[in-house]
Amino acid sequence: MIYPDLSAVCRLVRGLAYIGCGFSFGACGGEVEVVSDPRALGTIEMAQRLEAMAASTDPLDAPRMNRARIQYFLDTPAPDDAAAIALRQGMIARELLNAGFTGPALDQLLLIREILTGSGTEPVPGFLQTLEEMIGVALIRRGQELTCPDPPSAIGEAWGETTVFPCWTLVPPAGPPPTFSDSARLMLTRSLEWQRTRLEEEPDDKRAQWILNLTAMGAGWWPDSVAEAYRIPRSSLAGVGEIPRFHNVAAAVGLDAVSLSGGGVVDDFNGDGFLDVMASSSGRGDQLRYFEADGLGRFVERTRESGLEGLTGGINLIHADYDNDGDPDVFLVRGAWRERGAPNSLLRNDGGRFADVTEQAGLLFEFPSQTAGWADYDGDGWLDLFVPNESRDGVRNPSQLFRSRGDGTFEEVAESAGVLVADYVKGVAWGDYDSDGRIDLYVSILNAPNRLFRNVGPNTSGVWRFEDMAETAGVTEPLASFPTWFWDIDNDGDLDLFVSGYTAQTADIIQEYLGEPHGAELPKLYRNEGNGTFSDVTVQWGLDRIMYTMGSNYGDLDNDGLPDFYVGTGDPDYRQLMPNRMFRNTGRRFEEVTGSGGFGTLDKGHGVSFADMDHDGDQDIHKVLGGANEGDLSANVLYENPGFGNNWLVLSLRGTKANRSGMGARILVTVERAEDTWTIHHLVGTGGMFGGNPLRQEIGLGSAEHIVSIEIQWPGSGTVDVIEDLEPNQAYEIREGGSTAESFERPRVQLGHY
């Protein structure tokens with residue numbers, strides 16, 4: 001609709017746009033076009049707040065604003081001193097590399113090296129060594145650029161450059177080597193020769209050895225092009241486990257969104273029975289994106305139509321039905337690593353339309369954080385929220401525990417509850433580890449002992465309290481840790497605990513693969529002893545492996561009823577190239593299946609979700625990729641599960657006294673197998689960190705052909721429901737307080753095809 005240029009109309013349109021009444025406007029001059037704006041007032045206000053914050057940020061206070069830093073250096077007068085000039089040019093080259101301008105960065109780095117080696121000097125000790133490391137990384141990155149297809153990037157197009165999209169996978173499948181252009185072949189050859197020369201000069205240079213092997217793999221020339229002295233054994237790289245290969249179908253289904261490190265959630269947001277996807281990207285101006293399943297095997301972006309436009313940034317997404325209305329809402333976390341912090345967002349979902357209700361819910365604060373966790377800790381049927389903020393470098397940002405009032409608002413009670421933590425918190429997990437019916441809290445901290453808060457219930461004044469039992473329970477390590485979660489690895493009914501380490505360098509990775517000692521912080525796998533304590537079974541279960549882990553999650557790859565897990569690895573440092581790793585649970589230990597399953601992408605790994613996207617009964621894997629620097633962009637992936645022939649069960653829980661989605665419930669599925677009767681123990685939740693599995697629970701049954709019974713232990717309410725004689729390979733809804741399950745249809749789709 002077109003209106004004439006009338007000032008009154010223009011003012012009216014501005015007012016309607018501001019209050020979210022369904023209109024927006026272009027420039028109020030000439031003619032004004034009125035178009036629908038689906039955003040709520042809170043969303044508009046948050047978008048304005050984020051835009052203002054981005055505009056006021058000093059690039060020198062935000063080291064990952066690489067393009068702004070380049071511009072700053074270029075606008076600053078060059079120093080007169082030769083050493084200072086070399087340092088300045090080195091910083092510009094580093095920022096060019098971090099920003100994804102790999103070709104210009106490589107030229108600049110080589111020029112600086114030529115000048116310095118010709119003069120026989122360096123501006124500061126170690127400068128040349130760092131310079132040569134960056135050249136080596138630039139060569140392999142440029143080789144990736146020339147051999148991998150580049151998804152479209154608004155950032156790259158705006159700057160007139162292509163950006164880096166690593167597509168190489170650790171230990172690619174057997175077959176003829178790929179065909180490359182002459183320029184790609186030349187760059188790959190240069191990368192190989194550079195690393196060989198480095199190793200001739202420094203035989204113990206582990207980074208050079210690593211990049212030599214990676215380049216040969218990406219080129220299809222491995223292992224023959226790597227001398228035996230520097231070759232990494234295939235068994236070390238791939239893992240000993242063998243499973244069918246999973247293939248990435250993200251581009252075919254429309255989910256190959258490009259991002260920096262962010263979060264991902266898979267769930268049925270619009271209530272049509274099909275799983276949708278929400279994905280964030282941590283860049284300050286990066287739009288949160290929402291994709292709806294079309295029911296035919298593809299996904300259609302509905303970001304604007306869903307009312308999310310203008311909500312930018314976000315390193316993590318944690319979803320839950322906080323208002324008990326039957327559809328999943330999302331808490332978006334911002335501010336990680338920033339001293340100033342940033343506001344988080346609570347996105348209320350109304351059937352696929354979202355509204356930012358952060359301020360009205362009482363959650364508007366500006367602290368740095370990167371994770372959070374939902375649970376009904378006081379058993380009143382409403383989910384509460386724990387937000388562990390980051391305290392570091394002398395700045396105190398204590399954790400927050402938001403207790404739901406049951407009306408859409410929250411009150412902050414961390415201090416009175418005894419969970420006030422002022423450390424550099426990286427992870428949080430809720431779970432009833434002592435099986436007393438009250439949800440407990442585990443907090444993972446970087447460079448300090450971790451905390452396990454046992455929920456002791458209300459005191460005489462009715463205030464719910466926690467006590468720290470980490471030391472007594474034996475779960476304070478690792479001292480440098482990141483993602484964490486509760487799960488039942490051995491199917492004995494007690495919740496076990498996984499905590500991943502987060503200290504490693506490229507040299508450590510190589511040393512592990514070669515069976516040499518290294519200095520990385522390893523994960524901890526704690527087995528619940530059933531008496532309030534845990535035993536460290538990391539070595540026995542085969543997990544004494546380097547997991548420099550960020551986003552990660554668990555699910556059931558092969559539907560055998562045992563939880564497997566996938567870790568997304570990496571470091572903000574652009575030079576770090578580490579494979580994401582997949583581990584399969586055999587019942588007594590974990591086997592790495594990174595190589596055979598095709599999961600060893602070198603992209604920085606973040607939001608991981610296990611979900612049956614095509615309704616064929618097995619879980620596919622969606623993963624948000626990308627690093628922290630502006631050039632470390634990657635396209636997200638969707639690995640389609642090839643199937644293992646096992647049976648399955650899908651349960652949608654509906655709490656009446658407990659929270660609506662049954663989050664925190666314990667499910668016991670007793671099945672008949674040919675050899676015995678077996679009980680599978682399952683915890684209702686969304687999995688690990690930076691990725692969310694659906695709220696409807698997907699449970700593998702192995703070879704079982706009959707379900708004897710399903711027992712639901714509802715959280716908080718104490719209700720226990722038992723349903724008998726159900727059939728496998730079906731989906732059921734179970735309502736709290738009933739003794740029957742209602743089946744519902746899940747139409748099959750073929751991913752990427754019509």
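Values in this document were obtained by computation on a predicted structure and should not be read as measured data.
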Nearest non-hydrogen partners of Pro579 and Thr569, listed with the distance: O-OG1, 2.9 Å

Please check if the side chain of Asn316 supplies one atom and the backbone of Gln370 the other of a donor-acceptor pair under 3.5 Å. yes

Taking atom CG of Asp329 and atom CG of Asp323, what is their separation to the nearest 0.5 Å? 4.5 Å

Here the pair of heavy atoms bringing Gly352 nearest to Ser306 is O-CB, 3.3 Å

Shortest non-hydrogen contact from Pro123 to Ala86? CG-CB, 4.0 Å

Do Lys623 and Tyr639 meet the cation-pi criteria used here (NZ or CZ under 6.0 Å from the six-membered ring centre, within 45° of the axis)? no

Compute the centroid of each ring, for Phe299 and then for Phe291, and state whether the two points are separated by less than 6.0 Å. no

What verdict does the side chain to side chain contact (heavy atoms under 4.5 Å, CB included) test give for Leu446 and Val425, after you've listed the backbone C-alpha separation in whole Å, the side-chain angles of each residue and the deciding distance to 0.1 Å? CA-CA 6 Å; Leu446 190 65; Val425 179; over 6 Å; no

Backbone of Val421 reached by a side-chain donor or acceptor of Ser399 within 3.5 Å: yes

Side chains of Thr484 and Ser444: any donor to acceptor distance under 3.5 Å? no

If you look only at pairs with a residue in residues 360-369, which of them pass as a side chain to side chain donor-acceptor pair (under 3.5 Å), with sequence neighbours excluded? none

If you define the side chain from C-beta out and look only at heavy atoms, does anything of Met91 sit under 4.5 Å from Phe73? yes

Could you go through the side chain to side chain contact (heavy atoms under 4.5 Å, CB included) check for Met663 and Trp374 one step at a time? CA-CA 8 Å; Met663 184 174 287; Trp374 294 97; 4.0 Å; yes

Check: Glu630 side chain, Arg67 main-chain N or O, donor-acceptor pair, under 3.5 Å: yes

Give a yes or no on whether a salt bridge exists between Asp632 and Arg141, defined as a side-chain N under 4.0 angstrom from a carboxylate O. yes

Run His622 and Val277 through side chain to side chain contact (heavy atoms under 4.5 Å, CB included) and show every step you take. CA-CA 9 Å; His622 178 264; Val277 175; 3.7 Å; yes

Rounded to the nearest 0.5 Å, how far apart are CD1 of Ile112 and CZ of Arg88? 10.5 Å

Could you tell me whether a side-chain N or O of Asn693 sits under 3.5 Å from a main-chain N or O of Ser609, the two making a donor and an acceptor? no

Could you label the plane-to-plane angle of the Tyr322 and Phe410 rings as parallel, tilted or perpendicular, counting under 30° as parallel and over 60° as perpendicular? tilted

Donor-acceptor pair, side chain of Glu412 and main chain of Phe402, under 3.5 angstrom: no

Close side-chain approach of Ser280 to Arg289, heavy-atom, < 4.5 Å: no

Are a donor atom and an acceptor atom from the side chains of Asp267 and His319 found within less than 3.5 Å of each other? yes

Between Thr371 and Lys426 (side chain of the first, backbone of the second, donor and acceptor by atom type, cut-off under 3.5 Å), is there such a pair? no

Derivation and outcome, side chain to side chain contact (heavy atoms under 4.5 Å, CB included), residues Met547 and Phe482: CA-CA 10 Å; Met547 297 179 199; Phe482 203 153; over 6 Å; no

Nearest heavy-atom approach of Arg304 to Pro38 is O-CG, 2.9 Å

Would the distance check show the side chain of Thr549 and the main-chain N or O of Val567 forming a donor-acceptor pair, the cut-off being under 3.5 Å? no

Nearest 0.5 Å, what's the CD-CZ distance between Gln400 and Phe386? 9.0 Å

Taking the side chain as C-beta and beyond, is there a heavy-atom pair between Ile315 and Arg334 under 4.5 Å? no

Any chance you could measure Leu50, atom CG, to Thr312, atom OG1, to the nearest 0.5 Å? 4.5 Å

State whether a side-chain donor-acceptor pair under 3.5 Å links Asp356 with Thr43. no

Are any side-chain N or O atoms of Asn98 and backbone N or O atoms of Glu95, one a donor and one an acceptor, separated by less than 3.5 Å? no

Does Leu638 offer a backbone N or O that forms a donor-acceptor pair with the side chain of Asn248 under 3.5 Å? yes

Are Leu441 and Val443 side-chain neighbours, meaning at least one heavy-atom pair lies under 4.5 Å? yes

In Å and rounded to the nearest 0.5 Å, what is the CD to OH distance from Glu521 to Tyr548? 11.0 Å

Check Arg39 with Asp37, please: is the shortest side-chain N to carboxylate O separation under 4.0 Å? yes

Taking the six-membered ring for Trp, are Tyr566 and Phe610 ring centroids under 6.0 Å apart? no

Considering all heavy atoms of both residues, which atom of Asn553 and which atom of Gly687 are nearest to each other, and what is their separation? OD1-CA, 3.1 Å

Does Asn349 reach the main-chain N or O of Phe269 with its side chain, forming a donor-acceptor pair under 3.5 Å? yes

Hey, what do you get for OG (Ser261) to CG (Asn629), rounding to the nearest 0.5 Å? 9.5 Å

Minimum heavy-atom distance between Asn636 and Val624, given as atom pair plus value: OD1-CA, 3.2 Å

Glu359 atom CD, neighbour heavy-atom count above 12 within 6.0 Å: no

Less than 4.5 Å apart, any side-chain heavy atom of Asn270 and any of Asp327? no

Can you find a heavy atom in the side chain of Gln505 that is under 4.5 Å from one in the side chain of Gln576? yes

Are the side chains of Leu288 and Leu317 in contact, using a 4.5 Å heavy-atom criterion? yes

Does Tyr424 have Arg392 sitting over its ring (NZ/CZ under 6.0 Å from centre, angle to axis within 45°)? yes

Just wondering, are more than 12 heavy atoms of other shown residues or ligands nearer than 6.0 Å to CD in Glu51? no

Between Val637 and Thr601, is any pair of side-chain heavy atoms under 4.5 Å apart? no

